[in-house]
Amino acid sequence: MTLTVGIIGAGRIGRLHVDNLKVIQQIRIKSVSDVAIEHLEEWAIEKRIEVLTTDYLELLSDPEIQAVFICSPTNTHANIIKEAAEAGKHIFCEKPISFSVEETEEALTAVKSAGVKLQVGFNRRFDPNFRKIRNLVQEGEIGIPHILRITSRDPQPPSADYIKSSGGLFMDMTIHDFDMARYVMGSEVVEVFANGAVLVDPAIEEAGDIDTAIITLKFANGALGVIDNSRRAVYGYDQRLEIFGDKGSAQVDNNRATTVEVSTNDHVKKEKPLYFFLERYTQAYRDEVTEFASACLENLEVSCSGFDGIQAERIAKAAKQSLETGIPVQLKQTDQTATY
């Protein structure tokens, strides 16, 4: 059995998904659409892409295409999801679904009505280290969770132009950590308190955003969480997590090029963390598209649903509100089964 797919948006992440899908035997990548395709022609030939177009509607109207990957800018996601659902296509959408919870709700309603699958691209869920931590929590290895700590720091800040259209630190960057918090803890966030500052680049403040943040969370199961973010860690891509419970704790350290540690009379040295997110999460990106393909081919539940997507958006919105007001924000709890 073969799954025929189309890719909407051929930027960095769209091309990455093409590379990872090409190694899955049951996948046929028929079409790729992008608003600018002139520079993609040689690439499309090399990747054996059958159709290259500037109009994504050609993919949605193609009866051979069964699933689409939405890798276009965030402000296009919700509308394309609705159109793809109406066309009967299964959907993989990069995060976030939209910058508006209301728009996301409309998109998820369309998906439910059409009976198609939707997986959201929170790739960190598929990292073997974080999956191991989640499994340990679910199996009771550390007992009742008390404290979750997540550190997420980029090696360098994005451009000011990117910041202006990113949706802000919480929606663009921390949203991964909000999803990870729910995923690892297995409990919904009920309260958010955010503090932020501009300590890295004044241009980020001029663009209306922050580059440094501490966010505290309260979970429905009574546990507490802390997330710290920075847009610049000079030593590399810093991705760590610890969960502490009444029977013990478990940690995920940074991935490095090697695990060699040198100890001498003068120093103890080990390699810096991997520098870029594509290096750090290489396997996670492969596994998320493989699981999406299996869900479509075998009619299985997706591993990261639209509900997961909208819950992370709700936390991001609450964090922004908390930053602006200086007080904790309560989150209304939503029953997944009653909505999407």
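The analysis underlying the following values was restricted to heavy atoms, covering all of them including side chains, and did not include hydrogens, waters or symmetry mates. Predicted model, so just to flag it, every value in this text is computed and none were measured.
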Tell me whether [X] at atom [atom1] has more than 12 heavy atoms from other residues, nucleotides or ligands lying less than 6.0 Å away.
X      : atom1 : value
Gln251 : CD    : yes
Glu42  : CD    : no
Gln283 : CD    : yes
Lys247 : NZ    : no
Gln25  : CD    : no

>> Please report the interatomic distance NZ(Lys89) to CD1(Ile81), rounded to the nearest 0.5 Å.
In response: 15.5 Å
> Shortest non-hydrogen contact from Ala295 to Glu301?
Replying inline: CB-O, 4.1 Å
Check which hydrophobic residues are tied to [X] through side-chain heavy-atom contacts below 4.5 Å, counting indirect links as well, and list them.
X      : value
Val260 : Val262
Leu274 : none
Val329 : none
Val234 : Tyr235

Less than 4.0 angstrom from a charged side-chain N to a carboxylate O is my criterion; do [X] and [Y] meet it?
X      : Y      : result
Asp238 : Arg153 : yes
Asp177 : Arg182 : no
Glu324 : Lys320 : yes
Glu191 : Lys218 : yes
Glu103 : Lys82  : no
Asp179 : Arg125 : yes

Solution key, residues 193-206 side-chain donor-acceptor pairs under 3.5 Å, sequence neighbours excluded:
from: Asp201; atom 1: OD1; to: Ala203; atom 2: N; distance (Å): 3.0

> With respect to Asp19, which candidate in Arg12, Lys47, Arg286 satisfies the salt bridge (Lys or Arg N to Asp or Glu O under 4.0 Å) definition?
Replying inline: Lys47
Please tell me whether [X] and [Y] are part of a single hydrophobic cluster in this structure, the criterion being side-chain heavy atoms less than 4.5 Å apart.
X      : Y      : value
Met180 : Ile315 : yes
Ile175 : Ile215 : no
Phe170 : Ile163 : no
Leu278 : Met173 : yes
Ile91  : Val5   : no

Test side-chain contact (heavy atoms from CB on, under 4.5 Å) applied to [X] - qualifying residues, sequence neighbours left out:
X      : value
Ile142 : Val137, Ile243, Ala250
Ala181 : Leu148, Ile150, Leu217, Phe219
Ile214 : Val226, Asp228

>> The criterion is side chain to side chain donor-acceptor pair (under 3.5 Å); which residues satisfy it with Thr4, sequence neighbours excluded?
In response: none
> Taking only residues two or more places apart in sequence or in another chain, which ones pass salt bridge (Lys or Arg N to Asp or Glu O under 4.0 Å) with Glu242?
Replying inline: none
>> Would Arg149 and Phe244 count as a cation-pi pair here, with the cationic atom under 6.0 angstrom from the ring centre and within 45° of the axis?
In response: no
> Can you list every side-chain hydrogen bond (donor to acceptor under 3.5 Å, both in side chains) pair that touches residues 58-71, not counting sequence neighbours?
Replying inline: Arg28-Glu64, Lys30-Asp62, Lys30-Glu64, Thr53-Glu58
> Any ring-ring contact (aromatic ring centres under 6.0 Å, His included) pairs touching residues 70-127, not counting sequence neighbours?
Replying inline: His17-Phe92, Phe69-Phe92, Phe92-Phe292, Phe122-His176
>> Tell me whether the rings of Tyr281 and Tyr237 are parallel (<30°), tilted (30 to 60°) or perpendicular (>60°).
In response: perpendicular
>> I'd like to know if the side chain of Asp34 reaches the main chain of Ala10, judged simply by a donor and an acceptor atom lying under 3.5 Å from each other, with no hydrogens or angles considered.
In response: yes
